[in-house]
Each structure stands twice: as C-alpha cells, then as structure tokens.
Number of protein chains: 2
Amino acid sequence: MTKKVKNKNGAVTIEMVAAEAGVSKTTVSFVLNNNPTISEKTRRKVLDIVQSLRYQPNVNARNLSSRKNKTICVVVPEFGHIFEDPYFSRALGGVYDEIEAMDYRITLRKASLSFASNKEFLNLFRSSEISGMIYVGSTLDDYYLADFAGSDFPFVFMNSYLPGVEIPYVMVDCVKVGLLATNHLISLGHKRIARVAGSSNTVTARDIGVGYRKALREAGIEYDSKLEIGDTYSPEAAVEAVLKLLDSDKSATAFMVANDIMAYSIMEALNRKGMRIPGDCAVIGCDNIDFSRLISPPLTSVDLKVFETARETVRLLFKTIEAGAEKVQMSKIIEPKLIIRSSCGEKNIIA
Amino acid sequence: MTKKVKNKNGAVTIEMVAAEAGVSKTTVSFVLNNNPTISEKTRRKVLDIVQSLRYQPNVNARNLSSRKNKTICVVVPEFGHIFEDPYFSRALGGVYDEIEAMDYRITLRKASLSFASNKEFLNLFRSSEISGMIYVGSTLDDYYLADFAGSDFPFVFMNSYLPGVEIPYVMVDCVKVGLLATNHLISLGHKRIARVAGSSNTVTARDIGVGYRKALREAGIEYDSKLEIGDTYSPEAAVEAVLKLLDSDKSATAFMVANDIMAYSIMEALNRKGMRIPGDCAVIGCDNIDFSRLISPPLTSVDLKVFETARETVRLLFKTIEAGAEKVQMSKIIEPKLIIRSSCGEKNIIA
DNA sequence: CTGTTAGCGCGTTCAC
DNA sequence: GTGAACGCGCTAACAG
C-alpha cells in the first residue's frame, strides 16, 4: 500500500519515509541524525526505506529548523584573473580540502564592490546562507571588514589582517620571509640587493619589506631606497621597474622578488639583456610554486607554506564557530621555509 | 514601542519588520518580491524599516517555501592540484563571473570518489541544495554521470561530454584545435610533426588527435604513430616522452603539445639539449594562457576561448533550468583561434 | 523506545 | 491594497 511517493518538487520527504516504514517522522529524523534512542531493528528498517526511496533530507528545511548551515564562504580579492593567480589558486585549493574534510560546503565569492559597499558580506550571515567566512589575501583597502570585529559572525583572515583591528587571522610570517630571502642573498656575498616589491596595500608585501630592511641592517649593509622598487604583483610592471633601475644604476647583483612569476619574468628580461643567472645576477622569489622547479635555472624561493596556512585557517574558523558568543581571539603565525635551487648560485640544491 | 527585535538566532525576521511597519507579513513579503499590488507609500515605509532593522530574509526559509534555490554547483575533476591548473582556473573564473552575473551563488566541488560512488551528485539536487550543475572537463572515466541523461536535473558539461550519452554540453572544437595547430606547422614547411598528447581519457585530447591526423592526411603527409607520444597532462612526463623520442628518432622538427605549460617545459628541455627554438625545432601549445606571452620565445598557441565557452555553458545551463521538464537538448561548439607568436618561427606576430 | 505537537521564517492563495 | 491562514520539510521538546 504505497501512498503518495513524491511531493510537488518531485522529491521524497521524511513523511513518506515514515509512512512507508510505519513509524513517525520523529523516528526517521532520529535515525538520520544518529540519535541513540532508537532500537537497532527500527533503525535498520528506516534506513532500508531511505535507501530504496532514495530519500535525501531537504537541506533548506533542515537548516531552517536546526538553525544551522554547513557552508563556508571563501572570499578572494577581485583582481583581474584572480583564480589564475598561482598563489590564490593554491590557497583556494588548500582551504577547499580542509573545509570539505569537515563535511562543510564551500561557496566562493569575489570581494567585489557590491560585496563591500552593500555590506553583502554581513548579509550572508544574516540570511543564514553561511555559518563562517574566510577571506584569503585581503588588502589594506578592505577596512570595511572591520565590521566583523564588533559582530560575532565567525570570520577569519588567511594571509592578511587589518592592522589595529581585532579579527582573527592565520598567516605566514612575512617578516621572516623577507629575512630568509635577504639573508640567503647576503650569505652568498651580495651587498647590493634590490627588492621588487608587491602591492604596498598588502600586509604581506609590507612585512616582507620590513624583513628585507632588517636583514640588511643586521648585516651592516647600508639601505638604499633606490633599490626598493615596484608596487604591484604584475609581472610586466615588475620587469619594467627592474629595467628602469638597471638604466640608472647597474650596481645591483641580486633581486629579491615578491613572487615567483614575477621573479621568472625578471629572469627572462635579464636574460634578454644578456645577463646570465646566477652568474651575473641572483634572483630569489617568494611563494615556491610548482612551476619554479621546471624553469631554468630552477628558482630559489621562500616557500609560503600555503597548505599549512590554509589548514590552520580553517581550524581557527571552526574553533570560532564552535565558540559561539565567547570570542576565540587567537591568531596564528606560520613559519616560511627557504628552498634553495640554482637561481642564486648555491650548490646546495634541495628540491 | 519596539517589541522583540531579535529571534533565537539573533536575526531579524519578516514578522518584526511587519510589526514595526504596522503592516502584515504578507505586505512585507510583497514589497520584497516586487509585487506591484502595493501602494508606493507603504512600499517606502516597509523598505525604510527593512533598512533600519538591517532585515535580511532567511534564505533557507525562502528556498523552502518557494521551492527554489539560487545556487549552482561547479564541479572539477579531482586531479592533483586542480585549482592550480591554468586551464581549470581560467574555466572556473569564467564560469564564476557568468553565474554571479545571473545573481546566483556558486558552490564548488571536486569530483571525488564519494561524489561519484554515492551518487552524491544527484543528492545535491534531491536535497534542494542546488538547482543546477556544471562539470568542467570531465573525463571518460566519469560515465556514472550518464544518470543525468534520465533525470531532469539541470546539468551541463563544459569542455567535455560523454560520447553516446545525451547530456548537453558546450565545448571548444578540439578537432579544429588539432587542425589549426598542425596546419600551421605544415604551412611552415614541417613534415615530421610530433604530437605530445594529453590524457587519452579525455575527449579534448582525443579530438585534438583526430584533428592532428586529419591535417596530416589532408596535406599528404604520412602518419607515423611513433610521433604521437604522451598520455597525460604532466609536464614532467611530457618532457620525458619527448626526450625518449629524441633518443630513438631525431627526425621530428616540430612538436604540437597538449597545453602551454607542457609546451613550455618541452622548450626548456629542448634548450637544455642545445636545441634552439624555433631555429632547430618548432613548438606549439594549446590553451594560450597569459603566461605564454611572457616566456621566450613567446609561445605560439591555439586559444581555447575559455571565457566564451564558460559564458555559453552558463547560458545553456540557465536555459535548461528555465525549461524545467521540457528538455533543452542543445549543445554548442566554440571556435578556437590560432595565436601566432615566435615559437614556430613565424614573422607574423599577433600578440 | 516512539509518537504528538509545536514551531523554524517565509511565500502565497483567497477573502475582505 | 491588505491580512489571515495554511504549507514548505524538518527538528526537538514533551509526553506516553
């Protein structure tokens, strides 16, 4: 005696399962949610019906009733082709895996204008669309996010933060990145070390600069502001800046570059000018993308430990979610790692 | 006289807005959904209250009640670091923009084992989590997806399809890709043209091979199966295959490569063997990623028109969604475009 | 151990 | 032009 087997959506509901199994909706709900107060016998029976009817709980109804929503919003800045950026795509991949491992869903978002100005990022919480949010690589232009400091919407930065604002974050130690890279160059005997910087509206670029200058200072090398060039992550612009520097000042024997793609482009440009690497000039990148192994010479780079950072970020977010009202105001710093290949002329090749 | 302003979630509900505005829930709902039967006066009043209370409709309640869900699931294969693959990240970016433009949400998914075997991909529909799905670059191992042919869950392939299965798709004409690339090489006088193929469990690779062989045949060049090498998208494996070929047969004067990164790696390897490009050997890629402009020599490549493909895919998906039961069984083919740079020795540089 | 019942927040038909 | 009332599918006290 089968009764109605589909609702208006063409979907099977908990009620039909209950009817078919000869129990109440509650019982079905209990077995589905692993409530232990159900006899093994009815449990199996219900599960059988669920199987044969291909019953799948309506997520919207479940969310509404339980006041929960197992989805996390991952936000990335709105640069040109952000998803093609090796750094962000790695970050996205890392965050994805960790969130999926928690059995949560991911919804993607670019930090577009509307996202910011209409406070859409808060509305996602108010409308119960998401229960947590991770912003990967925000910039210093994103101060509108300071709103999160007051709210108790679970929100965490990955590889960025807002100076002066109490919002949890996880990021690689970028001062250390600058230190590691610069010290490596120094240890190889370089004294005129140029830095090709990333966007200055980024804490990562800012901190790498701090490390760079600190390393020079500690080594007793005079800082020359003319050697600090560039203010973007564009490879073309980086090449242009380097070429311009070389026009006026040929003293630089090494380049510390904001990321690997930029470093690669600079090596190409240097090559075209007839300079050999590392013979005539050393180049070091930051990021350590897969690609850096493939090029010649293989690029020495500082590994940003993106996956580890992603893992810790997600971990922190979930802590924040579980904490509820009581704030979890712990941020975390990840250790970067120098990967020595050949672009700086070291023999000691690791990867 | 403000009454209760927050519910158990700490959220504002439609009821509170109604109370504050001195109207009924229906009225609020009507203005929110632009029902014209509301006087301008009350409309404004309600909207004011909505603003001041920061009211945001509960998506779950709305979805449940309206039996709709404005979210699309974007699926990518589960290769190693799929999001870092330039091809997939471009595709993802394109699809993202189009879906966002439709004011829909994106939820990401890797086609993991569980995704396939537990028929999770169908459950996403059954549970009302999504109202449409796009699979970017599926493989011939994904025949489990044939289930969609029977269902009326809106599903579309981007740049892949299942031979013999009636599921709509949009893809770039890969036979044409093979034709374009091979003919270009032929027009430059090459007769011994090697093909470094992508994974054979992929319709794109398969079709490119068809185009390759067709071009040879039409030019009266004898096909030599020894010149068709490789069966993966791994740059390292591609290099290995090329090196192996060169060990036994040095007759190849040109390489048609499955994608740009592989092409780049092969150029590097060739360089290391002392071969100059394009002097000693021509190399052409498929994809035309940004990066291919930056390298030296700039890579000649066939542009896969990823963004156009993405746009059409999303368009087709929405047609399918709107069609409901009545099937929209139209697939679409996109024209690829040859981009001539210097890696094949042409003077006629375009980009 | 299981069923009854009352919401969850919103959309919508049908009177008024 | 507006409101009362019911339904969406599910969870969770509270009984029994």
Side-chain angles (χ1 to χ4, degrees), chain A residues 4-46 49-50 53-70 123 125-129 131, chain B residues 4-46 49-50 53-70 123 125-129 131:
Chain A
K4 192 176 54 173
V5 259
K6 299 269 177 120
N7 69 354
K8 293 166 192 167
N9 294 316
V12 180
T13 73
I14 197 173
E15 186 140 26
M16 303 168 196
V17 176
E20 202 71 15
V23 298
S24 78
K25 293 193 300 178
T26 313
T27 306
V28 178
S29 178
F30 277 179
V31 342
L32 258 34
N33 295 303
N34 294 317
N35 186 316
T37 71
I38 297 286
S39 72
E40 189 54 24
K41 200 178 128 219
T42 53
R43 221 184 80 84
R44 301 188 72 82
K45 177 161 190 183
V46 169
I49 306 289
V50 165
L53 255 43
R54 297 177 195 282
Y55 167 66
Q56 202 62 26
N58 183 309
V59 180
N60 300 121
R62 171 174 282 187
N63 290 348
L64 179 59
S65 182
S66 66
R67 284 176 263 280
K68 286 178 187 156
N69 190 333
K70 296 180 76 162
N123 291 344
F125 287 95
R126 292 201 240 268
S127 63
S128 294
E129 270 190 85
S131 54
Chain B
K4 192 175 54 173
V5 259
K6 299 270 177 119
N7 70 352
K8 293 167 193 167
N9 295 315
V12 181
T13 72
I14 198 172
E15 186 141 26
M16 301 167 197
V17 176
E20 202 70 17
V23 298
S24 76
K25 294 192 302 180
T26 315
T27 306
V28 178
S29 178
F30 277 0
V31 342
L32 258 34
N33 295 301
N34 294 318
N35 186 316
T37 71
I38 297 286
S39 72
E40 189 54 25
K41 198 177 128 219
T42 52
R43 221 184 80 82
R44 300 188 71 82
K45 176 160 191 183
V46 169
I49 305 290
V50 165
L53 254 44
R54 297 176 195 285
Y55 168 66
Q56 202 61 26
N58 183 309
V59 180
N60 299 121
R62 173 174 279 189
N63 290 349
L64 179 58
S65 180
S66 66
R67 286 178 262 280
K68 287 179 186 155
N69 190 333
K70 297 181 76 162
N123 291 343
F125 287 95
R126 293 201 240 269
S127 63
S128 294
E129 270 190 85
S131 55

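Convention: sequence-line order gives letters A, B, ...; per-chain numbering from 1. Fair warning: this is a prediction, and the values are worked out from it, not measured in the lab.
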**Rounded distance in Å - CG (B:N69) to C1' (C:dG11)** = 15 Å

Protein N or O to nucleotides 12-14 of chain D N or O, pairs below 3.5 Å:
unit_1 : atom_1 : unit_2 : atom_2 : d
D:dA12 : N6     : A:T26  : OG1    : 2.9

**Asked** Would you say a side-chain N or O of A:S39 is under 4.0 Å from OP1 or OP2 of C:dT2?
**Response** yes

**Asked** Heavy-atom distance under 4.5 Å between the side chains of B:R43 and B:N34, does that happen here?
**Response** yes

**Request:** Write down the atom of A:V28, the atom of A:I14, and the distance for their closest heavy-atom approach.
**Result:** CG1-CG1, 3.5 Å

**Request:** Kindly give the heavy-atom pair with the smallest separation between B:A11 and A:R126, and that separation in Å.
**Result:** CB-O, 4.4 Å

**Request:** Using the test salt bridge (Lys or Arg N to Asp or Glu O under 4.0 Å), find all partners of B:R44 that sit at least two apart in sequence or belong to another chain.
**Result:** B:E40

**Request:** Indicate, with a heavy-atom threshold strictly under 4.0 Å, whether B:T42 touches base, sugar-phosphate, or nothing.
**Result:** sugar-phosphate

**Request:** Grab the two heavy atoms, one from A:N58 and one from A:A61, that are nearest each other, plus how far apart they are.
**Result:** OD1-N, 3.0 Å

**Atom pair distance, as rounded to whole Å: CD1 in B:I14 and C1' in D:dA4** = 14 Å

**Request:** Pick base, sugar-phosphate or nothing for B:T37, based on heavy-atom distances below 4.0 Å to the nucleic acid.
**Result:** base

**Item:** d(CZ, A:R126; P, C:dC10) in whole Å
**Value:** 14 Å

**Prompt:** Across the strands shown, which category fits B:V23 at heavy-atom distances under 4.0 angstrom: base, sugar-phosphate, nothing?
**Reply:** sugar-phosphate

**Prompt:** Within this structure, what is the CD-to-C1' distance between A:Q56 and D:dC10, rounded to whole angstrom?
**Reply:** 14 Å

**Request:** Take B:L64 and B:P36, find for each the nucleotide of DNA chain D with the closest heavy atom, and name the residue whose nucleotide sits nearer the 5' end.
**Result:** B:P36

**Asked** Could you state the CG-P distance from B:L32 to C:dC10, rounded to the nearest angstrom?
**Response** 9 Å

**Asked** Whole-Å distance between C:dC8 C1' and A:N63 CG?
**Response** 11 Å

**Message:** Going by side chain to side chain contact (heavy atoms under 4.5 Å, CB included), B:V23 matches just one of B:V46, B:V31, B:I49. Which one?
**Reply:** B:V46

**Asked** What integer distance in Å separates A:K41:NZ from C:dT2:P?
**Response** 8 Å

**Request:** Quick one: which residue pairs count as a side chain to side chain donor-acceptor pair (under 3.5 Å) with a foot in residues 21-33 of chain A, not counting sequence neighbours?
**Result:** A:S24-A:T27, A:S29-A:N33

**Asked** What integer distance in Å separates A:E40:CD from C:dT2:P?
**Response** 11 Å

**Item:** DNA chain D: 5'-proximal contact among B:I38 and A:E15 (nearest heavy atom)
**Value:** B:I38

